[in-house]
Every structure is written in C-alpha cells, then in structure tokens.
Amino acid sequence: MKSRYMARSIVVAITLGVAVGGYLHGSFDIGTTQTIAGYLSLVTDVFLRLIKMVIAPLILATLITGVASMADSGSIGRVGFKAIAWFMIASIVSLCIGLGLANLFQPGVGLVLTDTAAASTGLSTGGFSLSIFLTHVFPRSIVEAMGNNEILQIVVFSLFFGFGLAFVKGRGKSSIMDVLEELAQIMFRVTDYVMLVAPLAVFAAIAATITIHGLDMVVSFGKLIAEFFLGIAILWSLIAAVGYLALGKRLKDLLKLMREPLLLAFSTASSEAAYPKTIAALDAFGSPKRVTAFVLPLGYSFNLDGSMMYQAFIVMFIAQAYNIEMTFTHQMMVLLTLLVISKGTAGVARGSLVVLAAGLPMIGLPEAGLLLILAVDPILDMGRTTTNVFGCAVATAVIGKGAENKEEKLTTEASQSIQSLS
C-alpha cells in the first residue's frame with residue numbers, strides 16, 4: 001500500500017475509532033463497554049505482536065551491517081559521538097521543558113491529596129535500581145533478548161557483533177554481511193504485509209480507549225492535556241528548528257515521508273510499530289543506510305524526547321497534587337534520576353508510565369499518584385510516543401547529512417591528492 005494511501009487510511013481509522021468509541025461508551029453499561037473494549041483490543045494486540053515479531057531481526061540485521069560498514073570505513077567514532085551528544089542534549093532540554101511548564105502552570109495545585117498505602121497503580125516496577133539497570137543493559141543471551149524484545153540488549157549485542165564482523169570482513173573471510181543485508185530486505189517485505197492490518201488496528205485501539213473512558217476524559221483533564229501538548233509543541237518546534245538549520249528546505253521532504261510512521265506512533269502509542277516505516281522513510285529521504293542502521297536503534301533506546309518531557313511534567317504534577325514541596329535542588333535530582341532511568345524505555349504503550357512508577361519512590365513521591373493520570377494517559381502516551389519517533393528521525397537525518405558531507409570532503413581531498421601526485 002502506497003504511503004499516502006496508508007496515511008489517509010490511518011486518519012480515517014482514527015476518526016471512525018473516535019466516533020464508534022463515543023457511541024459505544026454512551027450506549028452500554030460499564031461492564032459491557034469493558035467487554036467490548038477487550039475484544040477491540042485483541043486486534044491491536046495482534047498487530048503489535050506482529051510488529052514485535054519483525055523488530056528484533058530487523059534491528060539485528062540493520063544495526064550489525066551499519067556498525068560493520070562504519071567501523072570498516074573508520075567513521076563510527078564520529079557518528080557515535082554526534083549521536084550520543086545529540087541524545088544527551090535533547091534529553092536535558094526535554095526534561096527542562098517539562099519541569100519549566102509544570103512550575104509555570106502548576107497543574108496539580110489544588111487537588112490536595114494524601115498518600116495511602118493501599119493505593120496501587122497495578123504497574124510492575126521490578127524494584128528498579130541503578131545497579132539493576134546497568135546489569136540489565138547487557139544480555140545473558142541474544143536469544144533471550146530477542147524473545148523478550150529487549151531493544152537495548154539487542155543493540156549492545158549488535159554493536160559487539162558489528163565490530164567483530166568488521167574485523168573478519170577486513171581479512172576477507174566473511175559472507176555474513178550479504179546474509180544480514182538480505183535478512184533486512186526480507187524483514188522489510190514482511191513489514192509491508194503486516195502493515196496491511198495497520199488501519200484496522202488503529203481503529204480498534206482508538207475505539208477501545210474511547211469506549212472505556214469516553215470523550216469526557218478529554219474535558220475533565222483538559223487543562224493537563226493542553227499544557228502537556230503545549231510542551232510537545234515547543235519541543236517539536238525546537239527539534240524542527242535544529243533540523244532546518246542542518247537540512248534546510250529538505251526538512252519539509254522528511255516531514256512528508258514521516259507522515260505514516262508518525263500517524264502509526266500516535267494511534268498505537270507504540271514507537272516499535274513505527275520503527276520499520278521510519279527506516280523506510282529515512283532511506284527514501286536519502287540518509288546513508290549504515291548511519292540510519294546505527295543511529296536509529298540507538299535513538300529508540302536513548303533519544304526519548306517526548307517521554308523525558310512527560311516524566312518531568314508528571315513528576316511535578318504529582319508533587320503539586322500531594323502538596324509536596326520541590327526545591328530547586330530536589331528538581332535537579334529529579335532531572336538526573338529521570339535522565340538515567342529513562343534510557344532503554346520499552347517502545348510499547350505505557351512503557352514510560354512503568355519507568356515513572358519505578359522512579360517515583362527513588363525521588364520521594366507516592367507511586368499512587370499515577371492513579372491521577374491513568375484515565376488520560378492513553379492521550380498523553382500518543383503525544384509523547386509520536387515525539388519520540390519524530391526526534392529520532394530528525395536526529396538520524398541530521399547526523400546522516402553530516403556523515404555524508406564528511407565523506408564527500410574526504411573523497412574530494414583524496415582525489416586532489418592523487419591528481420597532485422600524478
């Protein structure tokens with residue numbers, strides 16, 4: 001299905017999902033609506049399972065070949081440094097926007113809640129600590145990592161494998177590169193087949209959410225939602241401005257190509273769902289494939305602009321709701337804590353919420369505060385996930401442009417040197 005038709009189909013699916021969900025919510029009792037929403041969610045769950053089926057082998061194939069190609073050409077150090085620098089700066093800026101808006105608007109002031117031990121979000125945090133996080137980064141088994149779709153662990157294994165493959169390839173003994181490149185092409189084709197189900201899955205996801213919560217949740221938490229999406233708009237503007245400085249008018253081309261992946265991310269609240277199409281969009285844009293294969297998977301683990309802003313904003317919202325004073329020093333601790341624990345957030349719906357639930361006890365806030373935003377979190381999740389995908393795409397395109405310019409300069413200098421010698 002061509003990109004523009006897929007994008008239109010997804011927009012139609014979102015519209016129908018809102019309409020059908022609103023009708024179902026107002027026509028049946030709570031028990032019936034939950035049952036109907038459960039059946040609708042089955043369609044979305046199947047689609048996301050199919051996407052996850054593709055993600056692990058696709059990241060493995062594309063990242064290994066990307067690392068091997070760049071290590072072979074000696075450019076991996078430059079690209080890696082630029083990527084990490086971008087990710088860290090973008091994360092800090094995102095956190096500062098979230099903290100700044102929450103201090104400015106104070107969305108939680110006036111709720112005056114008290115913590116109760118009995119309250120629970122029902123989210124499993126897994127007893128998060130820094131040592132557990134650092135240990136979790138490194139896979140015990142690549143099979144286990146792929147089976148659990150642990151993107152960060154797959155990235156770590158692929159980095160090691162890619163460097164090893166570059167060494168073997170340099171000695172002229174490897175044909176694995178061809179196999180991996182062919183595997184990537186196969187997974188792209190499988191993705192095309194899976195994407196045929198996307199409009200139906202989008203309709204089911206939106207309809208299920210509205211069926212349970214109704215359109216009233218948008219009105220009840222309208223202020224919170226509006227302030228959060230103002231932050232998202234500011235963040236998009238900053239990312240787009242940096243993208244324009246690097247890409248010029250070509251940024252418009254990138255945005256056109258990214259319509260489909262962004263709509264997928266928004267409607268499914270899953271960045272994983274948008275991953276294959278994001279790679280295809282960047283390839284169509286002209287970003288060097290080895291740079292895309294290296295930077296984009298790293299971005300999915302480390303460049304979570306929307307999630308970072310969301311976490312900072314909600315932390316302050318909860319503190320204000322429970323009337324807990326947050327000094328400047330405490331807020332800086334929040335910033336540093338979120339900067340660490342958000343890395344490697346699962347690219348699935350509510351991944352950021354689980355990480356936030358793990359982080360709240362670390363910064364002295366009641367985990368039960370997340371109950372306040374569970375009703376509208378699906379809407380917030382759509383915004384932060386779309387921003388994650390947008391930020392990763394622009395970062396990859398900008399870094400790819402820099403790598404491309406560097407190679408052209410080196411090629412020109414080499415040609416001039418050969419001409420001068422001759």
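These numbers come from the heavy atoms of this one structure, side chains and all, not from hydrogens, waters or symmetry mates. None of the values given here were measured: they were computed from a predicted structure.
- Summarising the geometry, atom CZ belonging to Arg384 is positioned 9.0 Å from atom CD1 belonging to Ile232; distances are rounded to the nearest 0.5 Å.
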The test is side-chain contact (heavy atoms from CB on, under 4.5 Å); show your working for Val389 and Leu262 and say whether it passes. CA-CA 7 Å; Val389 174; Leu262 291 176; 4.0 Å; yes
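- Taking 4.5 Å as the limit, every side-chain heavy atom of Tyr244 sits out of range of all side-chain heavy atoms of Val394.
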When you look at Leu263 and Val202, which way does the side-chain contact (heavy atoms from CB on, under 4.5 Å) test go after all the steps? CA-CA 9 Å; Leu263 282 170; Val202 167; over 6 Å; no
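- The backbone N or O of Phe266 sits nowhere less than 3.5 Å from a side-chain atom of Thr385 that would complete a donor-acceptor pair.
- Closest approach of Ala37 to Ile212, counting heavy atoms only: CB-CG1, 3.4 Å.
- Taking the six-membered ring where the residue is Trp, Trp236 and Phe390 present parallel rings, their angle staying beneath 30° rather than reaching 60°.
- In this structure, Ser94 has no side-chain hydrogen bond (donor to acceptor under 3.5 Å, both in side chains) partners at least two apart in sequence or on a different chain.
- Closest heavy-atom contact between Phe157 and Leu60: CD2-CD1, 3.7 Å.
- Separation of atoms CG (Leu247) and NZ (Lys252) is listed at 15.0 Å; rounding is to 0.5 Å.
- To the nearest 0.5 Å, the span separating CG on Leu282 from OG1 on Thr292 amounts to 5.0 Å.
- Between Ala145 and Pro139, the shortest heavy-atom contact is CB-CB, 4.2 Å.
- Side-chain atoms of Ser41 and Asp45 include no donor-acceptor pair closer than 3.5 Å.
- What you find for Ala56 and Ile154 is that their closest heavy atoms are CB-CD1, 3.8 Å.
- Residues Val20 and Phe203 are in side-chain contact: their nearest non-hydrogen atoms beyond the backbone lie under 4.5 Å apart.
- Summarising the geometry of Ser91 relative to Met308, their closest heavy-atom pair is CB-CE, 3.7 Å, with the distance given to 0.1 Å.
- Around atom CD1 of Ile30, no more than 12 heavy atoms belonging to other residues, nucleotides or ligands sit under 6.0 Å away.
- For the pair Met316/Gln331, a side-chain contact is recorded, criterion being any heavy-atom separation below 4.5 Å from C-beta on.
- The CD1 atom of Ile92 sits 7.0 Å away from atom CG of Leu335, with the distance rounded to the nearest 0.5 Å.
- Annotation: side chain of Thr65 is in contact with side chain of Glu181 (closest heavy-atom distance under 4.5 Å).
- For Ser287 (side chain) and Asp283 (main-chain N/O), no donor-acceptor pair under 3.5 Å exists by modelled atom type.
- Surrounding CD of Gln106 are more than 12 heavy atoms belonging to other residues, nucleotides or ligands, all under 6.0 Å away.
- Judged as a side-chain contact (heavy atoms from CB on, under 4.5 Å), and not counting sequence neighbours, the contacts of Ser141 are Val143, Glu144.
- Taken from CH2 in Trp86 to SG in Cys392, the straight-line distance is 10.5 Å, to the nearest 0.5 Å.
- Listed for the Arg259 side chain is a donor-acceptor partner under 3.5 Å among the backbone atoms of Lys256.
- Across Leu224 and Pro107, no two heavy atoms sit closer than the pair CD1-CB, 4.1 Å.
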Would you sort out whether Ile234 and Met309 count as a side-chain contact (heavy atoms from CB on, under 4.5 Å), showing the intermediate values? CA-CA 11 Å; Ile234 294 172; Met309 200 209 78; over 6 Å; no
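- Distance check: Ser270 OG to Met382 CE gives 12.0 Å after rounding to the nearest 0.5 Å.
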Run the side-chain contact (heavy atoms from CB on, under 4.5 Å) test on Tyr275 and Leu296 for me, step by step, so that the C-alpha distance in whole Å, both residues' side-chain angles and the decisive distance to 0.1 Å come before the verdict. CA-CA 9 Å; Tyr275 182 83; Leu296 190 61; 3.8 Å; yes
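- You'll find the side chain of Leu50 stays beyond 4.5 Å of the side chain of Tyr193, heavy atoms only.
- At least one side-chain heavy atom of Thr278 sits less than 4.5 Å from a side-chain heavy atom of Tyr300.
- For the pair Phe294 and Ile399, the minimum side-chain heavy-atom distance is 4.5 Å or more.
- Using a 4.5 Å heavy-atom cutoff, the side chains of Thr211 and Tyr39 are not in contact.
- Just one residue in the list Thr387, Asn388, Asp381 forms a side chain to side chain donor-acceptor pair (under 3.5 Å) with Ser307, and that residue is Asn388.
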